[in-house]
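None of the values given here were measured: they were computed from a predicted structure.
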Amino acid sequence: GVSWPLVRPASAADQLDPFTEGQRRRLALREERDLALAALKELEIDHATHHIGDEDYAELVADYRARAAEAIRQLDAELPPVR
């Protein structure tokens, strides 16, 4: 029945191939990029609602923009050239 995949013992066919080092690095870079971009969105809201001051906002935005940009640069460097 439908529940058989949930009750049968796991097999080797159920295992995913392990990530390569390059895949792990790209995943970490994507996560860094996404976290930095999400933090920037939150900062925009916090600044607009006056939960964070101008000085702190400017400092934090600069840091998160740099982090996102660096992750994007590294991801772009790993892409094959466009022909």
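L35 shares a hydrophobic cluster with no other residue; no ILVMFWY side chain has heavy atoms under 4.5 Å from its own.
The environment of CD in E78 is crowded: more than 12 heavy-atom neighbours from other residues, nucleotides or ligands sit within 6.0 Å.
Residues E32 and Q74 are not in side-chain contact: their nearest non-hydrogen atoms beyond the backbone lie 4.5 Å or more apart.
Under a 4.0 Å N-O distance rule, the pair E44/K41 does not qualify as a salt bridge. Taking the charged nitrogens against the carboxylate oxygens, E70 and R73 do have a contact shorter than 4.0 Å, which makes a salt bridge.
When the side chains of ILVMFWY residues are joined at heavy-atom separations under 4.5 Å, either directly or via intervening members, L29 and L40 end up in two distinct hydrophobic clusters.
In this structure, CZ in R25 is found 11.0 Å from CZ in R30, a value given to the nearest 0.5 Å. Atom CZ of R26 is separated from atom CD of E31 by 13.5 Å, given to the nearest 0.5 angstrom. Expressed to the nearest 0.5 Å, how far CG of L37 lies from CD of E42 amounts to 12.5 Å.
Listed by first then second residue, pairs satisfying ring pair (Phe, Tyr, Trp, His ring centres under 6.0 Å) with a partner in residues 19-53 read H47-Y57, not counting sequence neighbours.
Residue L43 forms a side chain to side chain contact (heavy atoms under 4.5 Å, CB included) with just one option from D63, L60, D56, and that option is L60.
Minimum interatomic distance between A36 and Y64 (heavy atoms only, all atoms of both residues): CB-O, 3.6 Å.
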